[in-house]
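Note: hydrogens, waters and symmetry copies are ignored here, and every other heavy atom, side chains too, is used. Per chain, numbering begins at 1; letters A, B, ... match sequence-line order.
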Amino acid sequence: MTDVAIVGAGPAGTRAAEVLVRAGLRPVVIDEAPDSGGRIYQRPPRGFTRTDKTLYGFEAAKARALHAAFDALRPHIEFRPETLVWNIRQNILFTSHAGDMGEVPFGHALLCTGATDRIVPLPGWTLPGVTSLGGSQIALKAQGCAIGHRVAFVGTGPLLWLVAYQYARAGATVAAVVDTTAFTTKLRAMPGLLRGGATFAKGFYYVGWLRAHGVPIIEGATPLAILGSEAVDGLRIRTSGSEQQIACDAVALGWGLKPETQLADLAGVPFAFNAAQRAFLPQQDASGATANPSIFLAGDGARIAGADVAELAGARGAWAIVAARGLAVDHGEVTRLDAALARHGAFRSALDAAFPFPARLAATMPDETILCRCESVTAGELRATARAGTTLPAAEVNRAKALSRIGMGRCQGRLCSPPAAEVLAAALACPLESVGRLRGQPPVKPIPIMPRSPGSAP
Amino acid sequence: MTTQADVLIVGGGGAGCSAALHLALRKVRCVLLERGLVGGQASGVNYGGVRQQGRHPAELPIARRAREIWGRLPALIGTNCEFEATGHLKLARNATEEADLVAYMEVAKAHDLPLRMIGRNAIHEAYSWLGPTIVAGSLAPDDGVANPRLLAPALARAARAAGAVIRENSAVAGLAHDGAQFTVQAAGETFRAPALLNVAGYWGGEVAAAFGEPVPVSPLSPNMLVTEPLPYVIEPNLGVVGGNVYLRQIRRGNVIFGGGRGESDPGRPAARPLPHVSLTGMNLALELVPHLAGAQVIRSWTGIDGEMPDHIPVIGPSRTTPGLLHAFGFSGHGFQLAPAIGAILSEILLDGRTDVPLEPFRIDRFGPQDPLHG
């Protein structure tokens, strides 16, 4: 039996492993990626020669520190890269690695599962050349390539400006940055944002740099459609009553992030609706402990708060596990972590207010928009489930899924469930939380059917 | 508030929704009470097999009747629930299993069920994608598949259109009979009627026990999985002798298969597939159809059904309480029967008779039960 398992080797997982090793434990650390760093500090493949400064910009020092910390831990942990945790039951993690199925029994597990992009589908979003904001950043960071020659960035949030800046610096033409949040909304959140200090200053720097370099910046806009037949050739938007077209050959879309909560769900952690993030989130206390005494949560996989908070929360969650195991806790360190997490909390609330999820844009998407791309379900087909047709109507998302196939494909609703919930709630004229959330079902991500000899485990 | 009806129906699965429809079509005032959403458990999350082949001989008259209704669902409820007569091919993996298939030919003949044996050479010629361990099969051409997620909500919609009251999110909190009328408390309201249908699946055991006739019913959660879409080649619904794996492909390409059992907590209620059972099921599926190697499984699931010790349901009148009719404990194969169950229950209530023999399904066939463990 492994004493402690950590799922995810990003900022939270790395800092957690550090604390556990310090406390004398030898955790198993599991990650889907070939190396540590998570998505934000994703490492390029071996042999790539771009510098940390080019890859991570202002964050280079943090990335270097995190990678160095993980590398130093390697002799003291059991690291399992390229390994998916596809299910969790009682105190066993079920893994898939290169087609081999395995099991990791644990005493305590810290889930640092990270986040994925929050997308609002637009007509044309399934065209080749359309990528999520995070995906477009990974292409640049991990592979050193851009998603197009002339890229439009659409969405809202700090990542929008950061990735547009990184693309421009890397030599791509940024066709436009289209922010669905009006400048006035951001202005109202200014007092809270100022608490962000350096983080906030960086955001200003990116916007200023892009303006100074003549990149078209459009705030408070409504994206209407991505244009093209075989590939992207433009973007149509509306600003204060008038429509305009932007020529581009690629579009990156993203409205902040959503936590990857499936494992917490399968572990039986209760969820509650979070109005600021417009999502059901797993419930945890300030230390990361949950109603399941074996399961702790940290980082963006529990609640979107960014990489700096993830590092703090990972360490904090690890100390909670150390305490739960009856080992010696550094109380001074825990107090320092709690204070730092509390400070960041206020800034996070301001960010949520400054870059709100465009609920209205999602709710009013045209009927013909493909909402679930895995199963090709349109917004109109989902709306139809809210009305009595040949079956009873759907008053919540699980029946809407049963009737329309929304969320039944390869991604199991990881991508489409937030906008689908907005569309359904609007069609039913009810609050978002009353349509509920999709039940988690294993596998968390697809697993292959592979021949196994009868005697092999399991 | 008290609602007076002619018939109260406890349970919104396929059987209950079908009963509501058949009663409402004959102008009977009925109220269906469902704890969650209709089709939320066994009726809605099953494998979707519409199969007569291989059934217990006692069930075949009901299955034959149900198959006739499946064929005219569009006229009855406005949708075919994606029913398609793909045929059901039951496979033998050794000589003992083949003997089992041959023996069933006589049962099928006695019930006019079309069924055809296919030998080793012919089966690999007709179905070139079958694995090499298959030695024979029997094909029931009239059997097929349907979308389980649609049946109960579609029956309920049609029942409501015909005048039935369908109450979802209405858990039954109290049940009583005063000699003439049943009184049921649900969702803060009181419902009264001279007749009560117990079609509550696994929980039908609790309803029966409340009226002094406990039965040995246990929860059953079939473990099922589905792959990503693959090129469509597997037309018939596949089963095996012994039933440890079953598999079908829908026209959009996904392969749905199952085998073994998940776990459940009927008290919450909650059910989930078991990881080891899923992995074993993947191996068994691979033996039937080797080209599934490398296909990705995208989801697994289960629900809760009630299972009787002899694997056939309880159907028929209560032995303790006049006006009470049972139909539960379908033991993992009630989906195909559901459309007929409502018709049969409505005939017993309104005509005092039905043309399907129900003696094998009587509730007192298990003998006296410990009331605490009913």
Side-chain angles (χ1 to χ4, degrees), chain A residues 85-90 92-96 99-103 265-266 268 374-376 385 387-396 398-405 407-414 436 438-454 456-458, chain B residues 12 17 37-40 44-45 74 77-81 147-161 166 168-169 225-229 252 254-255 257 263 270 272-276 278-283 285-287 289-290 292-302:
Chain A
V85 177
W86 64 272
N87 198 356
I88 185 169
R89 178 177 177 270
Q90 294 174 354
I92 301 176
L93 300 173
F94 291 85
T95 60
S96 168
D100 286 333
M101 300 295 169
E103 295 177 21
D265 195 3
L266 293 173
C374 300
E375 294 289 314
S376 275
T385 68
R387 304 184 291 268
T390 57
T391 67
L392 292 187
E396 55 82 54
N398 288 290
R399 178 177 277 166
K401 171 184 170 182
L403 299 179
S404 71
R405 309 194 63 86
M408 291 190 79
R410 282 187 68 104
C411 93
Q412 288 295 295
R414 288 168 57 238
L438 289 179
R439 283 186 288 270
Q441 285 163 317
V444 166
K445 287 178 185 169
I447 53 171
I449 298 178
M450 297 295 258
R452 270 176 290 276
S453 54
S456 72
Chain B
C17 294
L37 299 179
V38 304
V45 295
I77 61 174
T79 168
N80 69 355
C81 297
N147 185 339
R149 300 188 306 275
L150 303 180
L151 182 69
L155 287 167
R157 199 281 312 164
R160 189 177 273 174
I166 307 288
E168 299 187 293
N169 301 308
L225 306 98
V226 62
T227 70
E228 64 189 333
R252 65 195 316 287
N254 307 73
V255 174
F257 63 102
E263 59 186 336
R272 60 185 284 182
L274 281 169
H276 290 143
S278 293
L279 294 172
T280 303
M282 286 157 73
N283 272 353
L286 205 51
E287 184 191 344
V289 186
L292 293 178
Q296 302 277 342
V297 168
I298 61 174
R299 181 172 65 258
S300 63
W301 74 95
T302 185

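The line from OG of Ser278(B) to CZ of Phe94(A) is 9.5 Å long, rounded to the nearest 0.5 Å. Taking CG from Leu279(B) and CD from Glu103(A), the interatomic distance works out to 8.0 Å, rounded to the nearest 0.5 Å.
Using modelled atom types, one finds a donor on one side chain and an acceptor on the other under 3.5 Å when comparing Asn87(A) with Arg272(B).
Of all the listed residues (Glu287(B), Met282(B), Glu263(B), Arg149(B)), the one sharing the greatest number of non-hydrogen pairs under 4.5 Å with chain A is Arg149(B). Considering only heavy-atom pairs separated by less than 4.5 Å from chain B, the leading option among Asn398(A), Leu403(A), Val444(A) is Leu403(A). For the set Ala161(B), Gly78(B), Gly294(B), the entry with the most heavy-atom pairs within less than 4.5 Å of chain A is Gly294(B). Here Pro275(B) is the residue among Ala285(B), Gly39(B), Pro275(B), Ala154(B) with the most heavy-atom pairs under 4.5 Å with chain A.
Of all heavy-atom pairs spanning Met450(A) and Asn283(B), the tightest one is O-OD1, 3.8 Å. For the residue pair Ile449(A) and Thr227(B), the shortest heavy atom distance occurs at CD1-CG2, 4.0 Å. Between Met408(A) and Ile298(B), the shortest heavy-atom distance links the atoms O-CD1, 3.5 Å. What you find for Asn254(B) and Arg405(A) is that their closest heavy atoms are OD1-NH2, 4.2 Å. Closest approach of Leu150(B) to Ala402(A), counting heavy atoms only: CD2-O, 4.3 Å.
Heavy-atom distances place no part of Leu155(B) under 4.5 Å from chain A, backbone and side chain included. Contact of Leu286(B) with chain A is made through the side chain alone, with heavy-atom distances under 4.5 Å. Proximity to chain A involves both the backbone and the side chain of Val38(B), based on heavy atoms less than 4.5 angstrom apart. Residue contact with chain B, scored on non-hydrogen atoms closer than 4.5 Å, involves the side chain of Glu396(A) exclusively. Of the atoms belonging to Ile92(A), not a single heavy atom falls under 4.5 Å from chain B. For Ile166(B), the part lying near chain A is the side chain, with the backbone staying farther off; criterion is any non-hydrogen pair under 4.5 Å.
With hydrogens and angles disregarded, a donor-acceptor distance shorter than 3.5 Å links the side chain of Ser300(B) to the backbone of Pro442(A). When atom types are taken as modelled, the side chain of Arg410(A) and the backbone of Glu228(B) share no donor-acceptor pair closer than 3.5 angstrom.
Between Thr390(A) and Ile77(B) the shortest side-chain heavy-atom distance does not fall below 4.5 Å.
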